[in-house]
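Nothing fancy with the numbering, it's 1 onward along the sequence.
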Amino acid sequence: MPATATDPHTSRTRSWWGWGYVDAHPDDAECVATGALLPGTLARPLPVPRIADLPIGRPAATPPAALAHLVTADPRARAAHAMGKAYRDVARALRGRPGRIPDLVARPARDQDVTDLLDWAGGHGVAVIPFGGGSSVVGGVEYRGDAHRAVLSLDLTAMDRVLEIDTASRSARVQAGALGPALEAQLRPHGLTLRHFPQSFEFSTLGGWLATRAGGHYATGHTHIDDFVQSLRVITPAGTGTSWRLPASGAGPSPDRFFLGSEGTLGVITEAWMRLRERPRHKASASVAFTDFARALEAVRAIAQSDLSPANCRLLDPGEALLSGASHDGSAVLVLGFESATAPVDGRLAAAVDLARAHGGRGAVADRDAPQDAAVGAWRSAFLRMPYLRDGLARMGAVVETFETAATWDRIPALIDAVRTEVGAAAARATGHPATVNCRLTHVYPDGAAPYFTVAVAGRPGDEVEIWDDIKAAANDVLHRHRATITHHHAVGRDHRPGYDRQRPDPFALALRAAKDALDPHGVLNPGVLLD
């Protein structure tokens, strides 16, 4: 499904400039109400941008007749493939400054189409930007610069089928263009699930998850898509390769790990064998409130270091809890959830709540397989609605930055304090308005955690992108100083390049450059991502 079309599964139209579905966008009244939460925002929302107002010129390249049926120069398709869905992208669209719009959009239907398109692009100086659902929030699906004569967006969503299911090994061979709902719909009749549900689930593809090492449903244990990969098929300008299907292997560096997280700059992932699981039949959830956020962090660490393995273990600080409706009394809230395909989970939930109570938490255990409690339900609803509200704030002239990271437990308290203090101060300096900085833990491990931050502040009309850049730079500096990763699950793209360059070891950078030169000798695959 192209990013501009009506979704065949829902008959709903995707937005070309903002998050999600057009009919779910906040109306003007909701934008004003949301903007009132931040002092200094506009009196009325910016108008919804129009494709007719964009500088879309004639394509700078024409594909050969043999490929013409795969390619379109339709203005709406080109606009929808010009950017991802970061705040930076939304702000540019609202101001009519989307950056370089691709000359062409291609929708291959099979591997040979991908090979033919790469061959043509490499021989004609055409940059190729692999594109799944277009939900990137780090500048991963746009072209920046002018080193290539033309830009082709390679949309893989026509390759969206589950090709084969191995029930004995509980795995499936899936085309990379399958969007989350389409993938799960094809697995459901077999009683199986990938159970990978990032916030972008509706609007992102399996290939996108693999190329960005996406984090998903599980807050503990197998949190990244990496853990579910059995084999990959990748097409590069230098050739096509498929790794063996194996439950595990110690045979040298892993070819799968090599392409996971490569963000379309080393090759195009077209298929993957994925490990599946039975659909859960037993679920239980509860919330625990804390008046002391430091003790709440200790409670989460205790749960992460136990053998309970909750599916959900997300800690919301007081600001995040208030914003989501999970708490209205200034408490932090820990959202816990357990699930299983084979046995009731109420005992594990009770044990986790007991650990939280031992660290000052207040909470009750829900009955076995009972519906989620009010705080859990409020958080879940707000979680899904939040990207739409961000776009509403953008229309009110607010600057909203979200970023996530991970660090070891010994660094987590100081890291969170530094981000709140220093990034909040940087946002206030850049705008002259007080900033809100909220935090939640999205994924937790025995040795560390992944904090996710939201920064919101009223901007200056017309300067929103420059302010966002200043906030991003301040955040990157804090993360680097505290030895926290530049990204836990949103990928590097172009926006995180400065932090990634500082994080990776120099010998690895040399090896990555050599691999890029060998696999993409004409330098056409997603230029500027991971390396120049």
Side-chain angles (χ1 to χ4, degrees), residues 18-20 26 31 34-41 84-91 135 137-138 198-200 215 219 293 296-297 314-327 330 332-333 335 378-407 412 415-428 430-431 433-443 449-459 464 467-476 478-479 484 486-490 495-496:
W19 185 262
C31 288
T34 306
L37 300 174
L38 292 175
T41 53
K85 302 301 182 187
Y87 169 85
R88 190 178 192 275
D89 305 324
V90 171
S135 62
V137 293
V138 293
Q199 190 177 38
S200 62
F293 187 71
L297 289 174
R314 287 174 165 84
L315 177 63
L316 318 179
D317 76 0
E320 190 81 9
L322 177 63
L323 191 63
S324 68
S327 171
V333 174
V335 178
W379 168 79
R380 190 177 302 280
S381 296
F383 177 73
L384 297 174
R385 183 65 178 156
M386 193 57 65
Y388 291 103
L389 297 180
R390 180 209 63 180
D391 290 358
L393 283 170
R395 289 187 62 200
M396 295 303 297
V399 178
V400 183
E401 161 64 341
T402 58
F403 61 97
E404 29 66 57
T405 183
I412 287 291
L415 169 65
I416 293 175
D417 287 345
V419 169
R420 285 174 173 160
T421 301
E422 297 181 41
V423 178
T431 63
H433 298 291
T436 297
V437 183
N438 293 334
C439 174
R440 67 179 185 266
L441 300 189
T442 62
H443 301 76
Y452 188 112
F453 299 95
T454 301
V455 184
V457 63
E464 293 91 352
I467 293 169
W468 183 91
D469 288 340
D470 289 344
I471 294 172
K472 172 65 76 175
N476 288 355
V478 173
L479 299 184
I486 191 61
T487 178
H488 174 263
H489 59 259
H490 278 166
D495 296 338
H496 287 160

Pairing residues for [X] by the side-chain contact (heavy atoms from CB on, under 4.5 Å) criterion, not counting sequence neighbours:
X	answer
A435	A427, V457
A484	T405, A407, L415, L479
N438	D317, E320, L323, T436
A91	Y87, E464, V465

Who passes side-chain hydrogen bond (donor to acceptor under 3.5 Å, both in side chains) against [X], sequence neighbours left out?
X	result
D391	none
S135	none
T41	none

Go through the structure and list residues passing salt bridge (charged side-chain N to carboxylate O under 4.0 Å, His left out) with [X], not counting sequence neighbours.
X	value
R314	none
D495	R144
R395	D28
K472	E401

For residues E404 and T442, is any side-chain donor paired with an opposing acceptor at under 3.5 Å?
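No.
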
Going through the distances and angles, do L38 and L393 end up as a side-chain contact (heavy atoms from CB on, under 4.5 Å)?
CA-CA 9 Å; L38 292 175; L393 283 170; 4.2 Å; yes

At their closest point, which heavy atom of [X] faces which heavy atom of [Y], and how far apart are they?
X	Y	result
H433	G40	CE1-CA, 3.7 Å
A332	F293	CB-CD1, 3.9 Å
P39	P434	CG-CG, 3.9 Å
A458	T431	O-CB, 3.2 Å
V437	R420	CG1-CA, 3.9 Å

I'd like to check [X] versus [Y] (side-chain heavy atoms, cut-off strictly below 4.5 Å). Are they in contact?
X	Y	value
S327	P318	no
I471	V423	yes
C439	Y452	no

From CG (L297) to CD1 (I412), nearest 0.5 Å
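CD1 of I412 is found 7.5 Å from CG of L297.
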
Which value, rounded to the nearest 0.5 Å, describes the distance between M386 atom CE and T402 atom OG1?
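The CE atom of M386 sits 10.5 Å away from the OG1 atom of T402.
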
Checking K85 side chain against G18 main chain: does a donor-acceptor pair fall under 3.5 Å?
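Yes; at least one donor-acceptor contact below 3.5 Å.
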
For T421 and A418, indicate whether the former's side chain and the latter's backbone hold a donor-acceptor pair under 3.5 Å.
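Between the backbone of A418 and the side chain of T421 there is no qualifying donor-acceptor contact (under 3.5 Å).
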
With H489 via ring-ring contact (aromatic ring centres under 6.0 Å, His included) - residues at least two apart
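H443.
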
Would you mind telling me which of V333, V335, L315, L316 makes a side chain to side chain contact (heavy atoms under 4.5 Å, CB included) with R440?
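Per the side chain to side chain contact (heavy atoms under 4.5 Å, CB included) rule, the option paired with R440 is L316, out of V333, V335, L315, L316.
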
Show your working on ring pair (Phe, Tyr, Trp, His ring centres under 6.0 Å) between F403 and H488 and close with a plain yes or no.
CA-CA 9 Å; F403 61 97; H488 174 263; over 10 Å; no

Trace of the side-chain contact (heavy atoms from CB on, under 4.5 Å) decision for T487 with V138
CA-CA 10 Å; T487 178; V138 293; 5.8 Å; no

